[in-house]
J.: 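Could you have a look at this structure, given as structure tokens, before my questions?
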Amino acid sequence: MRDFHRQFDLEKLKNSEFFNSPVDVNRCDANCLLSDLKDMTYIRKVENKLALEKKKGNIKGPVHLGVGQEAIPVGIAKNISNKDYVFGAHRSHSHILSLATDLRKFFSEILGRSEGLSKGMGGSMHLIDKKCGFYGSVPIVAGTIPIALGAALAAKIQENKSIAVSYFGDGASEEGVFHESLNLSNILNCPILFVCENNLFSSHMFISERQPLSSIARFALANDINFKIIDGNNICEVNNAANELINWIRKSSKPAFIEAVTYRWYGHVDWREDIDVGVNRSEKDLKNWKKRDPIQRLINGLKSKDLFDEERYIELSNNLDSEISIAWDTAVQDPYPNAKESNNFVFK
Amino acid sequence: MNKQKVNYGEAILEGFNFLLENNPEVFVIGQGLWSPWYVGNTMTNLEKKYGKNRIIDTPVSESAVTGAAVGASLCGMRPIVVHPRIDFMLYAMDAVVNEAAKWSYMFGGQSHPSLTIRGIINRGGEQGAQHSQALHSWFSHIPGLRVVMPYSVLDARDLFIASVLNDDPVIFIDDRWLYDETDLIEKPKKLVLSEQGPKIISSGNDITIVGAGFATKIAQECNLKLRKNNISAEIIDMRILSPIDPSLIIDSVEKTQNLVVIDGGWKSCGFASEIITSVLEKIDPKKLNNKPLRFCLENTPAPTSNKLEEDYYLNSYSIVKKIKSLFN
Ligand SMILES: Cc1ncc(C[n+]2csc(CCOP(=O)(O)OP(=O)(O)O)c2C)c(N)n1
Ligand SMILES: [Mg+2]
């Protein structure tokens, strides 16, 4: 197992001093990367908007922000369709946004309003948009892993060519049900992609306080599941790994596993940075990790090949800003759910 | 005796300190124990005082952590398991329900899981259906578990100590909505848990109101409002939900001839029904002035939106209104 770790250079991957060079854009299609840049910028802006509104007190419930982790869902999303089944957890804004959910309904949900994605019954931690292929996110850690597996099982039985995608964090791999699900997925030949966003933290605890080795993909190895360990802040790596593994899943009807090493810029919940509370989360680490910014590294890579048009990017940014503020301003006008009507949601 | 003013959260912390100082076999295990967020002010700096060997913050592994505590308790230790939200504890149900609760019985009383499992009720704040449950009635359904649910600041400490020193598996349920309650209390007292039961915390003649945990706080608020309307309520705080001892309530209802139960959990198969049934088994319903009343959560999961939360959770206003209507 230690050899495995050396082989995949995990110690280096999680060291904030490395992996901050420009993305090597030769490895991906340039048009695709420009669209990725837009998608990542969009997700970041939406989440920063939430951070701001939470700070102002305009959002009552908790928001778990994924700023810094945008490359992962953006790279996955373009390899799946709305016929696939995607499941998430408490930090899933980026997952559903990457599938092009309706932004106003997304905001409305976070504000607990009846026009929201879950009719205002869930808030930030319970998102759904089936027409985009997003089948639900919940805050019980690891809760949706077996459920995503069940979606893959259904796809297999129905022979409908769909696959399931299960997003979860490094912390979720500490729940027993994660291990049961990996084993089952292989023995039952389920077409599922497990995506571990290994941001090295489970709330206040650094991974070395919780696990003897920091690679989560070691459990894929243990269950003989095809896997890749990647720099989750490099969009090209995510694109290529997702493309290869998802094609493989569709062909083989077998599970696969991506471990994407990354970092969240905000603290566990809401808008604070939490550099003073978590062990192993210093100001310096955060600064280093911001140098590993998936967006800036892509821009740097594009620049080095003269593919980056500064003016157009500024224009794009401005357009996104206004799109976001229009959606927000609409959502805050939305009504609250009606108590009596919402009781009808308990049963079908 | 010099009394000291503490709040509910600090009282639990005092309980921890008392137990850890006096009982080397006590250790604490669970999530968030080294974190400033998870457990309010109830465990501040314990790991600094007693070391990280005795105050163990864990991976996200409720099932194994709880099972391991059961095992340690069979081999000379007295673990306290902390689940910072009772909802998270559902991953640990085998350890609690199949193992701990039945261990003593199925091995002919030769081995006893002397552990305390602290499950915190933490709800409101738009956290939604999976972060809001009050599952005391569930646990009370299981023979072999003692279920303790303190309302008073004193009980938060002394029933906690008694729970840990008891040799059976105890589910100790505290509620974050009570953490700011304050009281003047004396030094910790060692109570024998099996001798504890419901308590009258305010005497009255017109109506008996029973609560547990946060529901008792609502009962007390009702009490104040009812008194302004010349209705004298007798407030009974359950303290221990299982094993249940209804005799004090039966005596009280014989006097007041009116029974109300307030329960912060769901209505169906809940402790309110248990109390009402236990009373009606002993008292001829014809002797009551009114049908017994229960105020519980409707049988729906907790909503998220603040506007719905306001309606969903119990409040003394609507309860008082209903009780007053009985006396008109
Ligand atoms: C069953 C359960 N236990 C504990 C928690 C509290 N909790 C919420 S998020 C979290 C951390 C999870 O870490 P990870 O899976 O790595 O996701 P990340 O927050 O890093 O995205 C914990 C422990 C929970 N929500 N559910
Ligand atoms: Mg994590």
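Every value quoted in this text rests on a predicted model; they were computed, and no experiment measured them. Lettering of chains follows the sequences in order, A, B, ..., and the numbering in each one begins at 1. All values below were derived from every heavy atom in this structure, side-chain atoms included, with hydrogens, water molecules and symmetry-related copies excluded.
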J.: Restricting to non-hydrogen atoms, name the atom on P139(A) and the atom on Q130(B) that form the minimum distance, rounded to 0.1 Å.
T.: CD-OE1, 3.0 Å

J.: Where does V269(A) contact chain B at under 4.5 Å (heavy atoms): side chain, backbone, both or neither?
T.: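 Answer is neither: V269(A) stays 4.5 Å or more from chain B.
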
J.: What part of Q31(B) lies closer than 4.5 angstrom to a heavy atom of chain A: side chain, backbone, both or neither?
T.: neither

J.: What pair of heavy atoms forms the shortest contact from M205(A) to P59(B), and how long is it?
T.: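 Result for this residue pair: CE-N, 4.4 Å.
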
J.: Just to be sure I understand the criterion: a residue of residues 308-322 of chain B counts if one of its heavy atoms is under 4.5 Å from a heavy atom of chain A. Which ones qualify?
T.: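 Listed by number, the contacting residues are L308(B), D311(B).
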
J.: If you measure from CD1 on I140(A) to CZ on R85(B), what distance do you get to the nearest 0.5 Å?
T.: 8.5 Å

J.: Is Y91(B) reaching over with its side chain to a backbone N or O of V177(A), donor-acceptor style, under 3.5 angstrom?
T.: no

J.: Would a 4.5 Å heavy-atom cut-off, applied to side chains only, mark R113(A) and S305(B) as touching?
T.: no

J.: With a 4.5 Å cut-off on heavy-atom pairs, point out which of G32(B), P301(B), A129(B), S35(B) contacts chain A the most.
T.: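 With the most close heavy-atom pairs to chain A, the winner is S35(B).
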
J.: Once you round to the nearest 0.5 Å, how far does CD of E175(A) lie from CZ of F88(B)?
T.: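 With rounding to 0.5 Å, CD (E175(A)) is 9.5 Å from CZ (F88(B)).
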
J.: Looking at G171(A), G120(A), G122(A), which one has more heavy-atom pairs under 4.5 Å with chain B than the rest?
T.: G122(A)

J.: Non-hydrogen contacts under 4.5 angstrom with chain B: give the residues of residues 337-344 of chain A involved, or none if there are none.
T.: P337(A), N338(A), A339(A), S342(A), N343(A)

J.: Closest approach of I110(A) and E126(B), non-hydrogen atoms and distance?
T.: O-OE1, 4.4 Å

J.: More than 12 foreign heavy atoms under 6.0 Å from NZ of K119(A): is that the case here?
T.: no

J.: Which distance, rounded to the nearest 0.5 Å, do you find between the OH of Y336(A) and the OG1 of T304(B)?
T.: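 Reported value, rounded in 0.5 Å steps: 13.0 Å.
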
J.: Given the rule in the side chain to side chain contact (heavy atoms under 4.5 Å, CB included) test, do H204(A) and D57(B) qualify, once you have shown the distances and angles that lead to the verdict?
T.: CA-CA 10 Å; H204(A) 58 297; D57(B) 200 337; 2.6 Å; yes

J.: Using 0.5 Å steps for rounding, measure from the NZ atom of K60(A) to the CD atom of Q127(B).
T.: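 CD of Q127(B) is found 14.0 Å from NZ of K60(A).
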
J.: Please flag which part of V346(A) lies under 4.5 Å from any non-hydrogen atom of chain B: side chain, backbone, both or neither.
T.: side chain

J.: Of all heavy-atom pairs between S61(B) and E174(A), which one has the smallest distance, and what is that distance?
T.: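 Nearest heavy atoms, S61(B) then E174(A): OG-O, 2.7 Å.
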
J.: Non-hydrogen atoms of chain B under 4.5 Å away: do they reach the side chain of M125(A), the backbone, both or neither?
T.: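 Side chain of M125(A) only, per the 4.5 Å heavy-atom cut-off to chain B.
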
